[in-house]
Protein chains: 2
Amino acid sequence: MQTLDRNPSLIAALQTRRTKLAALVNVPVLLWSGSSSPRNFRANTFPFRASSHFLYFAGLPLENAAICLDSGKLVLFMDEASPGSALWHGESPTRDEIAAAIGAYDAYPLAELDSQSEMATIAVQDATTRSHQARVLKRAIASADDSQGFDLALAQAIVSLRTTHDDFALAELRKAATVSIAAHKAGMAATPYARTEAAVRAAMESVIIANNMTCAYTSIVTVHGEVLHNNQYHHPMQPGDLLLADVGAEAASGWASDITRTWAVAGKFSPAQRAIYDVVLAAHDACIAAIRPGVEYRELHLLAARTIAAGLVDLGILRGQVDNLVEQDAHALFFPHGVGHLLGLDVHDMEDLGDLAGYETGRVRSDRFGLNYLRLDRPLQTGMVVTIEPGFYQVPAILQDLERRSRYQAVVDWDRLAQFADVRGIRIEDDVLVTATGSEVLTAALPTKAEAIEQLVQS
Amino acid sequence: MQTLDRNPSLIAALQTRRTKLAALVNVPVLLWSGSSSPRNFRANTFPFRASSHFLYFAGLPLENAAICLDSGKLVLFMDEASPGSALWHGESPTRDEIAAAIGAYDAYPLAELDSQSEMATIAVQDATTRSHQARVLKRAIASADDSQGFDLALAQAIVSLRTTHDDFALAELRKAATVSIAAHKAGMAATPYARTEAAVRAAMESVIIANNMTCAYTSIVTVHGEVLHNNQYHHPMQPGDLLLADVGAEAASGWASDITRTWAVAGKFSPAQRAIYDVVLAAHDACIAAIRPGVEYRELHLLAARTIAAGLVDLGILRGQVDNLVEQDAHALFFPHGVGHLLGLDVHDMEDLGDLAGYETGRVRSDRFGLNYLRLDRPLQTGMVVTIEPGFYQVPAILQDLERRSRYQAVVDWDRLAQFADVRGIRIEDDVLVTATGSEVLTAALPTKAEAIEQLVQS
Ligand SMILES: [Mn+2]
Ligand SMILES: [Mn+2]
């Protein structure tokens, strides 16, 4: 932990969150921050990341801490730094100083954490802390996406709070977005001098590190955008390649951003690349234009699907009537994922709770090839932040699949498609705040238009 | 995993290691690679790092894999990528292709892993895999630093192998060293343009990322070198500050490097900084000059202690006779850690086994303030790689401690010390291979002399 400025607006925001939670749950709540995961030995850990639910109510990434939330009051449980710790880690703030910084009502050593009555919790990610949760609560703790009883009620209450963002959260989301935008610009500017994907990744993550932030997720920086979760960076970049970069910063407070841009390694898109790029951008722009409170996110996904299908019909890649193509999931041959997700303290916000956050109560994932990967199926509300990230990919596992080829034989012009062989993967992703009157693109300072992207690469 | 080149020299090196292990243990051995640790939700993991013991015998960072080593033969247990995986992760090599690449005798799905007889193992770091170990072996698995019975015998056998390095390992250690050297040069070159520690860290880690390597440990890049494990990077850098950077790359194969340099933010050391720098460098050079097979590493530590004490006597900071000062641990007021450690697949090699690797059988850690933090107490052998990293620090927790101040009242000239207030922390660390005739500094291409460092910062 860096500094302990007493920030009255942070304390006020945290207090409001706690008060709102108290109105929604009628048992005391215990939330743990978690502990560092060891890498190859115990003293060599991955960087600590506090549980997002803890961060939401406690505001600071305290390691090995727990909070009890009851009637809007927060009581902090954590141990003071050991006497020897100052040698290795410097002077640490005291428990009381930390308690004051987060507006705690009271603060005790961890050993005094003991559940007298029934208390609700959410499982953290690390097993060491999870067994501490079970020991303190004297019961088995289901994983967060499998909660029951009052744990489930707590998860639902937290979802209802975290689904929309207060001003403090929005300020942090904007900070993360700003750094991600700079990272993408740096990646574009570095491309003419870079020989491998790794070199572009370095230019991008370097901006995040220099701003004392972390990556919100493992970066994707690849000339093989058709591999959706490609975490390899060793490929050399060829002049005809597209580079797809999905890189997002996370602020020290934990709030995330998530941006994807696709640019031409040589600076200028080929005609085929440009044609598909503009189809994806049309889907991106149509979705953002449609955003306002009350709109179903699922409709945005289908709007993206229709826009992509229509664009591919115009290009002669798909044949048929757009609505009909989308009904058959023909768009999903090239756009096999959902159009986006919630964004907040997690890049897929609250995904630790399974579909509890992403899916409105009573809704479940579709079996349809074209809807199965949709991570969000709720009506939009003012204060939500969602990503909009349509894409076009030529995934061999999909397009070479014999069953699919025969099913979609009539609607795909395979010869025409072959003329777009230099388009393996394109995605354009922005982070969008739902406002009372429509939307605000938090990442709007990073261009999306093809010419503007070309200029950033060549400049 | 990136590519699966069949590399005969890798297979030969792995086979030799397996054959040597077979000569040392008389029960079959099961080693697990481990699985990714989740960050804030299950799909958002920290980058996977395979267990070093697994890497040593299997050669590839396979996730969720196990190997059975028996009579020099390796049998691989891992599952094929799921059919849906190609969409998200691209085509994966098959189990048989992987088995061929590492010279496995045979290969099976994980479900066929079943212990018929007593088998030895070493606990991995992640709890999910540890419970798999217990389930397969049908017994509790102690943490790696608390092994008993044939698990302990296995750990001792592995220590005896991994303590010295074969040519394949040395080639990888050299690759990691080369990238770390470039990272340090980049950090020095970036310093005149950087305003915070984070900016210098970014310049350094950017080189590691661009070379498709990872950091072997959490970087230390700080103007507060007196905080030994300082993982904060937010301080602005002032012209009179020293910057201490302890940053090391880890090759994709897992082999590590570990380099520390200290430079002046303004480029040129102040006279006080330069005087202390030269004392630390004298200790560094004396230790390296003394390295040859048979020398006790503990003697190197004491040589560093004497050299530092002598330098501080010359500067008028300490008073008294050098041997006497070191016997009283007066050097440890300013040099409170050990002079180094083993380096290999782990930055503190095999530290997961506690002091089993670092301490010769029968030896235990000293209670002495000046020896307690010594991580290595063995005679040097040809093929060992050790770090040499003496330092000088003004740690408030030590120097402001009233009991220590009174105990060392007579031997410290506190007024003279006050003239060195701009020297909060200096460390100089290199990675050194013990050779038959002496030593080879793997990191020698990075200068240590003050003038050369000054030139790299100012250039
Ligand atoms: Mn996204
Ligand atoms: Mn070291």
Side-chain angles (χ1 to χ4, degrees), chain A residues 2-3 37-47 49 51-52 86-91 125-128 143-145 194 196 198-199 201-203 205-212 216-218 224 226-234 254 336 345-348 350-352 395-398, chain B residues 2-3 37-47 49 51-52 86-91 125-128 143-145 194 196 198-199 201-203 205-212 216-218 224 226-234 254 336 345-348 350-352 395-398:
Chain A
Q2 298 185 357
T3 46
S37 298
R39 195 170 174 269
N40 43 346
F41 53 93
R42 203 175 298 156
N44 196 18
T45 60
F46 293 108
R49 184 21 161 99
S51 147
S52 294
L87 169 59
W88 298 93
H89 303 285
E91 295 295 331
Q125 295 297 310
D126 72 281
T128 307
S143 73
D145 54 356
T196 62
R201 178 191 184 207
E205 294 194 0
S206 157
V207 172
I208 295 172
I209 299 169
N211 281 280
N212 227 347
Y217 52 92
T218 306
H224 288 288
E226 78 279 13
V227 178
L228 296 183
H229 285 178
N230 201 334
N231 296 330
Q232 302 184 3
Y233 317 97
H234 62 291
L345 280 162
D346 308 304
V347 59
H348 297 164
M350 300 177 273
E351 190 172 292
D352 65 313
V395 183
I398 294 174
Chain B
Q2 297 185 358
T3 47
S37 298
R39 194 170 176 269
N40 41 347
F41 53 94
R42 204 177 295 156
N44 196 18
T45 61
F46 295 108
R49 180 32 159 94
S51 145
S52 294
L87 169 59
W88 299 95
H89 303 286
E91 294 297 330
Q125 295 298 308
D126 72 281
T128 307
S143 74
D145 55 355
T196 62
R201 179 191 183 205
E205 295 194 0
S206 161
V207 171
I208 295 172
I209 298 168
N211 280 279
N212 228 347
Y217 51 92
T218 307
H224 287 288
E226 78 278 12
V227 178
L228 296 183
H229 285 178
N230 199 335
N231 296 330
Q232 302 184 3
Y233 317 97
H234 63 290
L345 280 162
D346 308 302
V347 59
H348 296 164
M350 299 177 273
E351 190 172 290
D352 65 314
V395 183
I398 294 174

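Throughout, protein chains are lettered first and strands after them, A, B, ... in sequence-line order, and every chain is numbered starting at 1.
- In terms of heavy-atom pairs under 4.5 angstrom with chain B, the leader among A:Asp352, A:Asp346, A:Ile398 is A:Asp346.
- Residue contact with chain A, scored on non-hydrogen atoms closer than 4.5 Å, is absent for B:Ile208.
- With a 4.5 Å cut-off on non-hydrogen atoms, B:Gln125 touches chain A through its backbone and its side chain both.
- Contacts of A:Ala216 with chain B are made by backbone atoms alone, with heavy-atom separations under 4.5 Å and no side-chain atom involved.
- Comparing B:Ala194, B:Pro336, B:Ser206 by heavy-atom pairs within less than 4.5 Å of chain A, the highest count is held by B:Ser206.
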### Query
After noting the C-alpha distance and the side-chain angles of A:Thr218 and A:Asn231, does the key distance pass the side chain to side chain donor-acceptor pair (under 3.5 Å) rule?
CA-CA 7 Å; A:Thr218 306; A:Asn231 296 330; 4.8 Å; no

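- Looking at A:Ser37, the atoms closer than 4.5 Å to chain B (heavy atoms on both sides) all sit in the side chain, from C-beta outward.
- For B:Val347, the parts lying under 4.5 angstrom from a heavy atom of chain A are both the backbone and the side chain.
- Residues B:Ala198 and A:Ala210 share a closest heavy-atom pair of CB-O, 3.4 Å.
- Of all the heavy atoms in B:Trp88 and A:Val227, the pair that sits closest is O-CG1, 3.5 Å.
- Listed by chain and residue number, B:Asn40 satisfy the side chain to side chain donor-acceptor pair (under 3.5 Å) test with B:Asn44 (two or more places apart in sequence, or in another chain).
- In this structure, the side chain to side chain donor-acceptor pair (under 3.5 Å) partners of B:Ser143, at least two apart in sequence or on a different chain, are B:Asp145.
- No other option in A:Val207, A:Thr196, A:Leu228 has as many heavy-atom pairs under 4.5 Å with chain B as A:Leu228.
- Nearest heavy atom pair, residue B:Ile209 against residue A:Arg201, reads CG2-CD, 3.6 Å.
- Using a 4.5 Å cut-off between heavy atoms, B:His224 does not touch chain A at all.
- Contact record, B:Leu345 with B:Arg49: O-NH2, 2.5 Å, taken as the closest heavy-atom pair.
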